[in-house]
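Note on naming: letters A, B, ... go to the chains in the order of the sequence lines (proteins, then strands), and numbering restarts at 1 for each one.
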2 protein chains.
Amino acid sequence: MQDVTAPGPHLVRWVNARAVLEVLRRASGVLSVSELMDHTRLTRATVIAVCEDLVQRGWAEEPDVPRGPGPQKGRPARRFAFRADAGAVLGIDLGVAKATVLVADLRGETLAQATSGMPAEAEAQRIDTIAATALRALEACGRSPRDVLAVGAGMAAPVDREGRVVGGQAFWGQFDFGLAEALDERFGWRVLLENDANLAALAEQWRGAARGVEDVAVMLAGERVGAGVLESGRLLRGHGGGFGELAFLSMVDGVGAPAGIAQLAREWGAEAATEGGLGGMPPEEVSAEAVFAAATDGDEAARAVLDRIALVMARVVAILSTVFNPELVVIGGAVADAASRLLPRIRAQLPALTATPARVEVSPLGGRAVTLGAVRRALDDVAARSLEIDLP
Amino acid sequence: MQDVTAPGPHLVRWVNARAVLEVLRRASGVLSVSELMDHTRLTRATVIAVCEDLVQRGWAEEPDVPRGPGPQKGRPARRFAFRADAGAVLGIDLGVAKATVLVADLRGETLAQATSGMPAEAEAQRIDTIAATALRALEACGRSPRDVLAVGAGMAAPVDREGRVVGGQAFWGQFDFGLAEALDERFGWRVLLENDANLAALAEQWRGAARGVEDVAVMLAGERVGAGVLESGRLLRGHGGGFGELAFLSMVDGVGAPAGIAQLAREWGAEAATEGGLGGMPPEEVSAEAVFAAATDGDEAARAVLDRIALVMARVVAILSTVFNPELVVIGGAVADAASRLLPRIRAQLPALTATPARVEVSPLGGRAVTLGAVRRALDDVAARSLEIDLP
DNA sequence: CGACTAAATTTAGAGTCTAAATTAGAGGCT
DNA sequence: AGCCTCTAATTTAGACTCTAAATTTAGTCG
C-alpha cells in the first residue's frame, strides 16, 4: 500500500498560482487582471495577490502602462505579462555527423542557433564540441549559461523514461557518452535525453502538422525509419524507450530493412542507373536528390523508383495506422519535401492496406523537427517545475 | 487559449478526503486514525474530520470495537473501514455466442456470476437477455439494481474513448446494439464499453500476470488475435479505439491471417489428419483440444502442429515486443493452458526475432480475464467519481 | 485505586479564498 | 472648474481549511 501525498494549506495558492502562470504563459502579450479573472474563475483579490507573487519570483512582470491607443473608460487596469526572457532553454539535435543547438526563450521563440560537425572519435571530444556549440549559440543571443533552465536533447537511439540509453545490445552503447552528466557537471544544466523520433512527434504537435491532434504517429523517414507516437497527447516510450520501433519490418513482406526514403532512393536509383535509366548517370553518383530531380524532369526510370518508394512508405503508414490507430500520420525527417511528392500516391494506396486509414500529412518542419521538439521537451519540463524553480 | 480550472476553498478538503478514501480502499480491513495519519501525512484532527465526512456520505464505517486480541495500552483507537458493500459494480463479457455477468463489491470481490447464451437475432432480444442475466446475477447475491454504481462491458470490437463502437466498416456496426443507452434507460446504469483485449490487459495488471508492471501488452490468442496495451500503467486506445489491432499480420510474412491458437490448431490439425497423422482421426472431427491431447500423448504430427503454432505466436510476441517495447507480454484468452505448453518454445524463439525481447507469461486468469477487466474498469470509474457520487 | 499510555478532543493561530463595500483614476460633460 | 460615469483597485468581513500545542479521555496494568 502506498502513501498518498497530502497538501498543506498552501496547496490552494499553489494551484492558483499555477493556473494564473499557465494562462499568462499561453497568452501572447499582456493580460489585464479582469482578463485573468475570466480565464481562471478566480476573484480579483486572488488574481492580484497571485500575480504579485509571480512578479516577486520573477515569472511575471507588470509593464509600466504602455496603454493601448484611443480613449478608454474607467480606472486603468493593472496588466501583467509572462516574462519569456526570465530564462532560456536549449534544444539539441545529436546527429551522427553533426550537432545542432537551438536557444529559445520561455515561450519557445528561437533566439539563436549553432551547428558543429561531430568528430566520430573520442567521447570527451564529442562532449567538448557540443558544449562549445551550446556556448556559441548562447553567446550569439547574449545569454549566460546560468540562464538555461533545461536542455532537451535528441538522438537516434532508444531512450527510456529516466533518460538512459538502453543498449541491451552493445550497438546502442556508443550513443550513451555521458552527455547529461557532463553538462550537469560543467554548467549545472538539467539535460533531458530523448529519442529523436519522439521529439519530432512533440514538435509536430506543437508547431507542425499535428497541432490540435491528440493521437498521432510521426515517422522520421530520412535515412532510417523510426516513429514517435502520441496517444491522448502523451508521448509513449515503453519499458526501454523503444516504443514505436519498426525494426520488425526487416523480417516482413517485401519491405526489406527499415530503410528511409533517401536510402531507398539512392539504392534503387543506382539500380535503375545500371540498367540504363536516369539518363545514363553513373550508378555511383546517384543521390536521392538526383533521383527526385530526374523524376520531376519526366524520367521514366526515376518515376518508377518513386512509385516503389511510395508503395513502401504506404505500407509503413498502413502499419502505423493499424497498430497505433492514430488520427494522423506525419511523415517527417530531412526529406520532407521529397515526401510531399510521394504523398498523393501514399494516400491513394492507404485504404487498400488498412481498415483504419489515418490522415497523412508531410511535416512542415523539415529538418528542424528534432531541435524544435527538444526545445518543447525542455519547455514542458520547465513548465512542470515552474513554481519550484529559483529563477537566476 | 483555454481556460484553466480554479479551485474553491473546499479543494483542500476534497483532496484530503480523496487521499483518505484511497488509503481506506486499498487497505484490506480497518485502519486506526493513527495509521491513517501515517499514510496520509495529515493531522489527527483532519483525519477524524474527513473520516466522519466519509461515514456521513456512506463511503466508510466505524465498526463498533471488535478489538484485536491481547493486552493493549492507551486509549482505544477509533478505527474506520472502507464500506466495500456501499454499492456494487457489474463486469460483462459480451461474447459472440454468450454473455457473462459478474457482480462485484467495491473492493472487487466477486459476489455472483451468471451466463446466458446469446440469440444471434434481434438486437432488442440481445439486450433483454443481457439485462435478464444481470438481474439474475444481482439477485443471486441479494443486490438491487439500484446498488450498481457502474458497469464495465467488453466486446471483440474497437471501442473509442467515448465508448462508441467505431464501425467505419459496416462489419463493426453489428456490435453496436445500443446496450449502453438501453441499460441506462432501464436501470440508470452507467455503462462503460470497452474492447475485450483492453479489459484483459486491465485484468492482468490487477490480478493477473502483470501485477506491478507498468508497460505490458496482453494478447488474446484464442480464436482471433487482439492485443491490449498498457504504457506507464495507462490503457492505450488510439483515435478510434483500434490501438493494438494486429490485422496487418494478415498481409505479412508467413503469419497468415490473424488467427488465434485454437483456430490454427483446428486448421493445421485437420491438415495433419488428412495426411494420416493424429492416429487417423477424421479431419472434420479435429478440435483444438484433441490436437493438444494428442501432442501430450506423444503423437508426432500433433507435436509438429504445436511447433508451427509456437512459431507463429513467437512472431506475434516478437512484433509486440518490438513495437510496444513492453516489459512483459501476457498470452491470454480461453486457451491459456494450451498456451502454457507452447511457452517454452515461444521463449526460445523470441531472442532471434526481436532486439528487445519482453518477458513472456501465460495468463493465470483463463477465460475470466475479460469479465474481471470489466469489473476493474467499472471500479476505476467509481473510484474516480467517488466524492461526486450519491450513494444509494 | 492510582499510575501509565495512547488516542481523542479542544483551543489558538495562520493561510487561503469569496463577496460586498469602499476608494481610486481617467475621461467626458456642462 | 466641478460634477458625472465608468471601470478597476483596494479594503473589510466572514468562512473554510489546515497545523500545532495543550488538555481531556478511556482503557490497561500493577
**Item:** D:dT17 phosphate, OP1 or OP2, under 4.0 Å from B:Thr46 side-chain N/O
**Value:** no
**Asked** Can you check whether B:Asn16 has a side-chain N or O nearer than 4.0 Å to OP1 or OP2 of D:dT17?
**Response** no
Could you tabulate the donor-acceptor pairs under 3.5 Å formed by side-chain atoms of residues 143-150 of chain B, not counting sequence neighbours?
{"residue": "B:Arg143", "atom": "NH1", "partner": "B:Asp147", "partner atom": "OD2", "Å": "3.3"}
{"residue": "B:Arg143", "atom": "NH2", "partner": "B:Asp85", "partner atom": "O", "Å": "3.2"}
{"residue": "B:Ser144", "atom": "OG", "partner": "B:Arg146", "partner atom": "N", "Å": "2.8"}
{"residue": "B:Asp147", "atom": "OD2", "partner": "B:Ser144", "partner atom": "N", "Å": "3.0"}

**Request:** Could you list the residues that satisfy salt bridge (charged side-chain N to carboxylate O under 4.0 Å, His left out) with B:Arg207, not counting sequence neighbours?
**Result:** B:Glu109
**Message:** Using whole Å, what does the distance between atom C1' of nucleotide D:dT17 and atom CZ of A:Arg13 come to?
**Reply:** 15 Å
**Item:** Which residues share a ring-ring contact (aromatic ring centres under 6.0 Å, His included) with B:Trp206, sequence neighbours left out
**Value:** none
**Prompt:** Please give, in whole Å, the distance from C:dT18 P to B:Leu11 CG?
**Reply:** 11 Å
**Asked** Would A:Glu231 and B:Arg161 pass as an ion pair if we require N to O under 4.0 Å?
**Response** yes
**Prompt:** In degrees, rounded to 10°, what is the bend between the two ends of the helix from C:dC1-D:dG30 to C:dT30-D:dA1, using five pairs at each?
**Reply:** 30°
**Prompt:** Between C:dG15 atom C1' and A:Trp14 atom CH2, what is the distance in whole Å?
**Reply:** 17 Å
**Prompt:** Between C:dA19, D:dC18, C:dT16, which nucleotide gets closest to the side-chain atoms of A:Thr43?
**Reply:** C:dA19
**Prompt:** Quick one: do the A:Ser386 and A:Arg25 side chains pair a donor with an acceptor below 3.5 Å?
**Reply:** yes
**Request:** Hey, could you give me each pair passing salt bridge (charged side-chain N to carboxylate O under 4.0 Å, His left out) that has a residue in residues 44-60 of chain A? Not counting sequence neighbours.
**Result:** A:Glu52-A:Arg78
**Asked** Stepwise, does the salt bridge (charged side-chain N to carboxylate O under 4.0 Å, His left out) test hold for A:Asp184 with A:Arg190?
**Response** CA-CA 6 Å; A:Asp184 178 24; A:Arg190 177 180 172 83; over 6 Å; no
**Asked** For B:Arg237 and B:Glu194, what are the C-alpha separation, side-chain angles and deciding distance, and is it a salt bridge (charged side-chain N to carboxylate O under 4.0 Å, His left out)?
**Response** CA-CA 9 Å; B:Arg237 278 179 262 242; B:Glu194 197 76 54; 2.7 Å; yes
**Complete:** Each nucleotide of nucleotides 4-9 of chain C classed B (base within 4.0 Å of a protein heavy atom), S (only sugar-phosphate) or -, in 5' to 3' order, makes -BBBBB
